[in-house]
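In each ligand, atom 1 is the first atom listed, and ligand 1 is the first ligand listed.
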Amino acid sequence: MKIAILSRGPRLYSTRRLVEAAKARGHETKVIDTLRCYMNMATAKPSINYRGNPLDDFDAVIPRIGASITFYGAAVVRQFEMMGVYSVNESVAISRSRDKLRSMQLLARRDIGLPVTGFAHTADDIPDLINMVGGAPLVVKLLEGTQGVGVVLCETRKAAESVIEAFFGIDVNIMVQEYIAEAGGADVRCFVIGDRVVAAMRRQAQPGEFRSNLHRGGSASVARISPAERRTAVAAARAMGLNVAGIDLIRSNHGPLVLEVNSSPGLEGIEEASGIDVASLVVEFIERNARRSRTRTRGSG
Ligand code: ADP
């Protein structure tokens with residue numbers, strides 16, 4: 001097969017591993033800078049050009065779309081879908097999972113466990129919003145944040161009010177969430193491919209920190225997950241329509257709760273922690289599933 005990897009960084013670990021794994025399995029690959037794809041929307045025959053040449057002979061694409069380019073990246077993936085090219089994650093699913101509120105609403109609708117979470121727009125509603133999630137301590141999150149930036153633990157009601165007011169004052173969207181103290185600064189990343197969790201790692205925050213993101217100094221180790229955690233992770237990926245997903249779970253004393261769904265999950269941490277060749281499993285999944293015009297949401301997204 002000829003597989004395109006949509007990625008802004010050919011030297012990034014995840015990109016390199018996918019190239020390596022696809023080559024090892026006998027496929028031809030090309031890393032394509034998503035932002036250098038340009039498209040002709042007007043014709044009956046959708047096309048994509050890249051550095052002056054048409055991209056017209058791929059069987060499959062693996063989108064690795066960074067959060068900062070979701071809008072353009074989803075359009076590029078959609079154009080591939082319109083051309084009949086199989087995408088391991090569909091454009092609609094990518095856009096859906098990048099909208100944190102929409103994701104949580106979709107997960108809630110499927111009865112998937114979530115931390116109690118509130119969302120408001122106006123300062124007058126802050127006191128009741130805080131009540132809604134059970135009071136302090138609570139976590140305030142910027143909707144546009146990634147890698148733990150803009151995730152703030154407010155230990156008292158007063159602190160929560162000030163933080164929320166400050167965010168409203170600069171006109172950014174936030175959500176307010178119950179603090180899962182019993183997780184002890186740890187969460188579990190489940191790497192889902194199709195209907196299986198193929199690898200899992202536990203991330204532990206450094207002492208004095210509650211955010212376990214590796215970018216915030218968290219450390220990773222292989223995780224043994226329970227059947228309930230496995231079911232929750234697979235159900236979350238399915239609810240979002242993602243074939244490949246990183247599902248972040250937090251262990252609460254009322255079971256696993258989904259913190260986040262990632263449509264371009266990194267391979268470095270999970271492969272190192274688990275020792276599993278996740279890249280090859282992604283490629284195998286493509287081999288089993290890629291068919292021309294297989295995309296269910298072709299052009300409708
Ligand atoms: P980001 O998308 O920026 O990584 P997350 O919502 O995943 O933001 O939060 C970052 C980290 O903070 C999580 O990995 C987890 O360790 C911790 N965390 C997030 N929400 C909660 C919560 N409600 N209770 C306890 N810890 C949390």
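- A donor atom on one side chain and an acceptor atom on the other are found under 3.5 Å apart for Ser212 and Asp187.
- Between Arg216 and Glu209 there is no salt bridge, since no side-chain nitrogen of the basic residue lies less than 4.0 Å from a carboxylate oxygen of the acidic one.
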Enumerate, atom names and distances included, each donor-acceptor pair closer than 3.5 Å involving a side-chain atom of residues 132-141, sequence neighbours excluded.
| from | atom 1 | to | atom 2 | distance (Å) |
| --- | --- | --- | --- | --- |
| Lys141 | NZ | Gln177 | OE1 | 2.7 |

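- In the displayed structure, Arg238 atom CZ is contacted under 6.0 Å by at most 12 heavy atoms of other residues, nucleotides or ligands.
- With hydrogens and angles ignored, the 3.5 Å screen pairs no side-chain donor or acceptor of Thr15 with any backbone N or O of Arg11.
- With respect to Glu20 and Lys23, no salt bridge is recorded, no charged nitrogen being found less than 4.0 Å from a carboxylate O.
- Protein residues with a heavy atom closer than 4.0 Å to ligand 1 are Lys100, Val139, Lys141, Thr146, Gln147, Gly148, Val151, Gln177, Glu178, Tyr179, Ile180, Asp187, Phe210, Arg211, Ser212, Asn213, Ile250, Leu259, Glu260, listed by chain and number.
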